[in-house]
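Written out below as structure tokens is the structure these notes cover.
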Amino acid sequence: MRYRSREQLYHASVRELSVQVLQQRRQLALNEQRYCKLEEENSALVSRLKHEKLCHEKASDNRLDDSLMRRMHATPIYLRFREILLNPSLTPTPDEWMALHDMINSEIPSFFATIYGDENNISEEEYRLCLLIRLGFKPKEMLTLMDYPSSKNVSVVRKRLMRKIFSERGTAKEFDKRIREIT
């Protein structure tokens, strides 16, 4: 009789433990689902915060760049270059190019170093083109100010400069964007 009750007790204990294990497995599965859901929510929040931070930084950068561009566009040398555009018989003098260089480098001290870099073999003409791009002149205006023939393809020069200065392939517009981002 004792044997039977011990055996029954053993089986009852095993059933009870089996039920407990099953309950714990169900609880574990629920916890894993909750964890995955929380992880997804956390990732979504992190992504949203990163996006908001980026938008805020861009807005801040745009305000700074707008302020910088307003200051540079108000300088006598910038206005002189605009005046030259209105009179195609005029071209900027070497002193005017130097004044433009000085103005940009006083507003953006890293500009010259970024363009010339350690290994960049940039000609004076190419540097002047970068100055005009940084000031927001259009390609046709660059042709006039640089006294290029109308057949000269400024886009090709800008793409080549992208490789020379930034060691990347890219379009002329991408090059302009990179030059305008130098602050």
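It should be emphasised that the depicted structure is a prediction, and the values quoted were computed from it without experimental measurement.
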Problem set entry | Any donor-acceptor pair under 3.5 Å from Glu40 side chain to Lys37 backbone | no

Seminar exercise, completed: Given the options Arg180, Arg158, Lys159, Phe175 meets side chain to side chain contact (heavy atoms under 4.5 Å, CB included) only with Arg158

For this session: Scan side-chain atoms only and decide if Asn31 and Gln27 contain a donor-acceptor pair under the 3.5 Å cut-off.
Result: yes

Problem set entry | Residues Ile165, Arg178; criterion side chain to side chain contact (heavy atoms under 4.5 Å, CB included); working and verdict | CA-CA 10 Å; Ile165 295 172; Arg178 293 286 302 269; over 6 Å; no

Exercise. Between Thr144 (side chain) and Lys140 (backbone), is there a donor-acceptor pair under 3.5 Å?
Worked result: yes

For this session: With sequence neighbours left out, write down each residue that passes side-chain contact (heavy atoms from CB on, under 4.5 Å) with Ser106, or none if nothing qualifies.
Result: none

For this session: Determine the minimum heavy-atom distance between Leu135 and Met103, stating which atoms define it.
Result: CD2-CE, 3.9 Å

Exercise. Any ion pair linking Glu168 and Arg163 (charged N to carboxylate O, less than 4.0 Å)?
Worked result: no

Exercise. Is there side-chain contact between Ile133 and Lys138, with at least one heavy-atom pair below 4.5 Å?
Worked result: no

Exercise. Does the pair Arg82 and His73 meet the rule for a side chain to side chain contact (heavy atoms under 4.5 Å, CB included), with working shown?
Worked result: CA-CA 10 Å; Arg82 284 283 165 206; His73 286 180; over 6 Å; no

Exercise. Does one side chain, of Thr93 or Asp95, offer a donor that lies under 3.5 Å from an acceptor on the other?
Worked result: no

For this session: Indicate yes or no: at least one non-hydrogen side-chain atom of Pro92 is less than 4.5 angstrom from one of Leu100.
Result: no

For this session: Give a yes or no on whether the backbone of Ile104 and the side-chain of Glu107 come within a donor-acceptor separation of less than 3.5 Å.
Result: no

Exercise. Shortest non-hydrogen contact from Cys130 to Phe111?
Worked result: O-CZ, 3.6 Å

Problem set entry | N-O pairing of Arg80 and Glu83 below 4.0 Å | yes

Problem set entry | Donor-acceptor contact present, side-chain Glu41 to main-chain Leu38, <3.5 Å | no

For this session: Sort and list the pairs that fulfil ring pair (Phe, Tyr, Trp, His ring centres under 6.0 Å) and have at least one residue in residues 12-46, not counting sequence neighbours.
Result: none

Problem set entry | Sub-4.5 Å side-chain heavy-atom contact between Leu145 and Thr91 | no

For this session: State, with a plain yes or no, whether a side-chain heavy atom of Met162 is found less than 4.5 Å away from one of Thr171.
Result: no

Problem set entry | From Glu124, Glu125, Glu126, residue fulfilling side-chain hydrogen bond (donor to acceptor under 3.5 Å, both in side chains) relative to Arg128 | Glu124

For this session: Check whether any side-chain heavy atom of Thr114 lies under 4.5 Å from a side-chain heavy atom of Ile179, and answer yes or no.
Result: no

For this session: Indicate yes or no: at least one non-hydrogen side-chain atom of Met72 is less than 4.5 angstrom from one of Arg134.
Result: yes

Exercise. Are the side chains of Asp66 and Arg70 in touch, meaning some heavy atoms are under 4.5 Å apart?
Worked result: yes

Exercise. Under 4.5 Å between any side-chain heavy atoms of Ile115 and Leu161, yes or no?
Worked result: no

For this session: Quick one: which residue pairs count as a ring pair (Phe, Tyr, Trp, His ring centres under 6.0 Å) with a foot in residues 122-142, not counting sequence neighbours?
Result: Tyr78-Phe137, His101-Tyr127, Phe112-Tyr127, Tyr116-Tyr127

For this session: Report the C-alpha separation of Glu141 and Leu132 in whole Å, then their side-chain angles, then the decisive distance to 0.1 Å, and conclude whether the side chain to side chain contact (heavy atoms under 4.5 Å, CB included) test is met.
Result: CA-CA 9 Å; Glu141 295 171 330; Leu132 297 175; over 6 Å; no

Problem set entry | Whether Ser110 side chain and Thr183 backbone form a donor-acceptor pair below 3.5 Å | yes

Seminar exercise, completed: Scanning both residues in full, the closest heavy-atom pair of Ala172 with Ser155 reads CB-O, 3.8 Å

